[in-house]
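Below you'll find the structure, written out as structure tokens, and then a few comments.
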Number of protein chains: 2
Amino acid sequence: MLRIAKLTDYATVVLATLAERPGAHASATELATLARLEPTTVSKVLKTLAQAGLVESRRGAAGGYRLGRAPEAISVADVIVAMEGPIGLTECQLHVGLCHHEGHCGIRGNWQKIGVAIETALQSVSLADLVPGRRRPTAIPSVTLPAEVPGAER
Amino acid sequence: MLRIAKLTDYATVVLATLAERPGAHASATELATLARLEPTTVSKVLKTLAQAGLVESRRGAAGGYRLGRAPEAISVADVIVAMEGPIGLTECQLHVGLCHHEGHCGIRGNWQKIGVAIETALQSVSLADLVPGRRRPTAIPSVTLPAEVPGAER
DNA sequence: TCAATCAGGACCCGAATGGTACCATTTGGC
DNA sequence: GCCAAATGGTACCATTCGGGTCCTGATTGA
Ligand code: FES
Ligand code: FES
């Protein structure tokens with residue numbers, strides 16, 4: 001399916017909600033009602049996001065969460081990486097030596113390039129672009145697949 | 001993870017193997033030994049690919065599979081769609097009316113745009129680009145996020 | 001006729017995901 | 001000083017999904 005996890009989707013919704021109230025801290029339950037999600041789930045998502053530094057947390061009474069950086073500085077790629085770990089289409093793309101066919105499979109390098117292209121595309125979309133009302137036309141800049149084939153033999 | 005399924009990865013490997021022997025039909029077991037994969041798995045993959053028209057099959061003795069089109073005409077997006085169904089980052093991106101938050105969530109449209117951008121990137125990489133020995137520098141053309149916000153208010 | 005080969009399922013098992021609950025820790029207010 | 005509010009962290013369970021195998025039937029060439 002090439003899908004992101006549901007929790008990642010929730011994360012974007014919660015972050016978008018947070019982006020609409022800059023500055024002040026908002027509690028997890030408060031955000032949950034605003035986003036109409038389960039409080040427990042929102043809490044879980046926020047914990048993960050806090051570990052990644054995308055949101056800042058304050059504990060204790062009157063605590064809560066707020067964005068760790070400006071909405072423009074948080075990309076969709078950041079959210080995905082925070083929630084699901086490094087972006088990689090295939091398993092063997094991330095670590096070398098795990099795949100049985102590395103020796104005779106010339107595809108690996110290409111998967112890596114494709115992954116980089118997608119990641120670049122995701123990085124150029126920021127939270128500010130997702131927040132309704134603050135929309136502005138966004139153009140993903142020319143995503144070029146780095147053709148580092150040395151001698152382009154054929 | 002934003003990963004593709006393993007079977008999809010296998011599909012690209014098998015297709016790449018097929019691309020190296022144009023014309024003649026190759027049996028599933030034959031392809032399995034070439035790609036060093038489980039014959040049963042390769043068979044399963046090929047069946048799926050045949051349904052999508054990416055490979056042509058011939059039954060009976062001396063039967064087998066061959067590419068349905070030229071390697072240049074088969075994109076990575078085609079393979080993913082054939083193996084995993086329509087590309088969509090989120091669930092609510094594919095069908096309208098399933099998500100509870102559609103009413104007040106302005107994110108959905110943006111996810112769709114991001115999905116289109118990724119799909120475009122995947123479509124511009126063909127099988128021919130993946131086959132080792134036939135490599136040629138590939139540039140994913142300027143993937144532009146269609147900013148169809150009517151009045152770009154801000 | 002027979003053997004090879006694809007077609008189309010059914011089936012099973014393990015892993016991952018979504019979701020929930022519990023308890024410790026911190027912090028502000030009374 | 002104490003309590004309520006709120007996060008931090010972990011552990012847990014049910015369900016789903018993906019990977020993988022196997023079986024039976026249909027087709028085709030020798
Ligand atoms: S499939 Fe893993 S290296 Fe090619
Ligand atoms: S999360 Fe489903 S429409 Fe926004």
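Quick note on labels: first sequence line is chain A, next is B, and so on, each numbered from 1.
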Nucleotide nearest B:Glu38 when distance is taken to its side chain, options D:dG8, D:dG19, D:dT21
D:dT21

With sequence neighbours left out, what residues match B:Glu38 under side-chain contact (heavy atoms from CB on, under 4.5 Å)?
B:Thr40, B:Thr41

Short side-chain N/O contact to D:dG8 OP1/OP2 from A:Ser57, under 4.0 Å
yes

Just how far, in rounded Å, is P of C:dT5 from OH of B:Tyr65?
12 Å

Polar side-chain atom of B:Thr120 near backbone of B:Val116 as donor-acceptor pair, under 3.5 Å
yes

Specify the separation, in whole Å, of atom NZ of B:Lys47 and atom P of D:dA26.
15 Å

With sequence neighbours excluded, give me every salt bridge (Lys or Arg N to Asp or Glu O under 4.0 Å) pair touching residues 50-68 of chain A.
A:Glu56-A:Arg66

Are B:Thr48 and B:Leu7 packed together at the side-chain level, in the sense that at least one heavy-atom pair is separated by less than 4.5 angstrom?
no

Separation of D:dT7 atom C1' from A:Leu18 atom CG, nearest Å, is 14 Å

Considering only heavy side-chain atoms of A:Thr40, the closest of D:dT21, C:dT20, C:dC6 is C:dT20

Between A:Arg69 and A:Leu54, is any pair of side-chain heavy atoms under 4.5 Å apart?
yes

N or O in side chain of B:Thr41 less than 4.0 angstrom from D:dG19 OP1/OP2
no

So, A:Glu84 side chain and A:Thr8 main chain: donor-acceptor pair closer than 3.5 Å or not?
no

Indicate yes or no: at least one non-hydrogen side-chain atom of A:Val79 is less than 4.5 angstrom from one of A:Leu122.
no

Ranking A:Ile4 and B:Ala62 by the position along DNA chain C of their nearest nucleotide, the one closer to 5' is B:Ala62

Between P on D:dT7 and CD on A:Glu56, what's the gap in Å once rounded to a whole number?
14 Å

The nucleotide from C:dA7, C:dT20, C:dG18 with an atom nearest the side chain of A:Leu7 is C:dG18

Could you give the CZ-to-P distance, from B:Arg3 to C:dA15, as a whole number of Å?
16 Å

Hey, does the side chain of B:Tyr10 come within less than 4.0 Å of D:dG18's phosphate (OP1/OP2), counting only N and O?
no

Side chains of B:Trp111 and A:Ile4: does their closest heavy-atom pair fall under 4.5 Å?
yes

Protein and nucleotides 25-27 of chain C: nitrogen or oxygen contacts under 3.5 angstrom:
| from | atom 1 | to | atom 2 | distance (Å) |
| --- | --- | --- | --- | --- |
| C:dT25 | O2 | A:Arg59 | NH2 | 2.9 |
| C:dT26 | O4' | A:Arg59 | NH2 | 3.4 |
| C:dT26 | O2 | A:Gly60 | N | 3.4 |
| C:dT27 | O2 | A:Ala61 | N | 3.0 |

Those residues at least two apart in sequence (or on a different chain) that pass side-chain hydrogen bond (donor to acceptor under 3.5 Å, both in side chains) with B:Ser75 are B:Asp78

B:His25 NE2 to D:dG29 C1', straight-line distance once rounded to whole Å
13 Å

Set out, line by line, the N/O atom pairs under 3.5 Å between protein and nucleotides 10-14 of chain C.
none

Scan B:Leu46 against the nucleic acid and name what it touches under 4.0 Å (heavy atoms): base, sugar-phosphate only, or nothing.
nothing

In whole angstroms, how far is the C1' atom of D:dA14 from the NZ atom of A:Lys6?
14 Å

From CD of A:Gln51 over to C1' of D:dG8, roughly how many Å is that when rounded to an integer?
9 Å

The side-chain contact (heavy atoms from CB on, under 4.5 Å) partners of A:Arg21 (sequence neighbours excluded) come to A:Thr17, A:Leu34

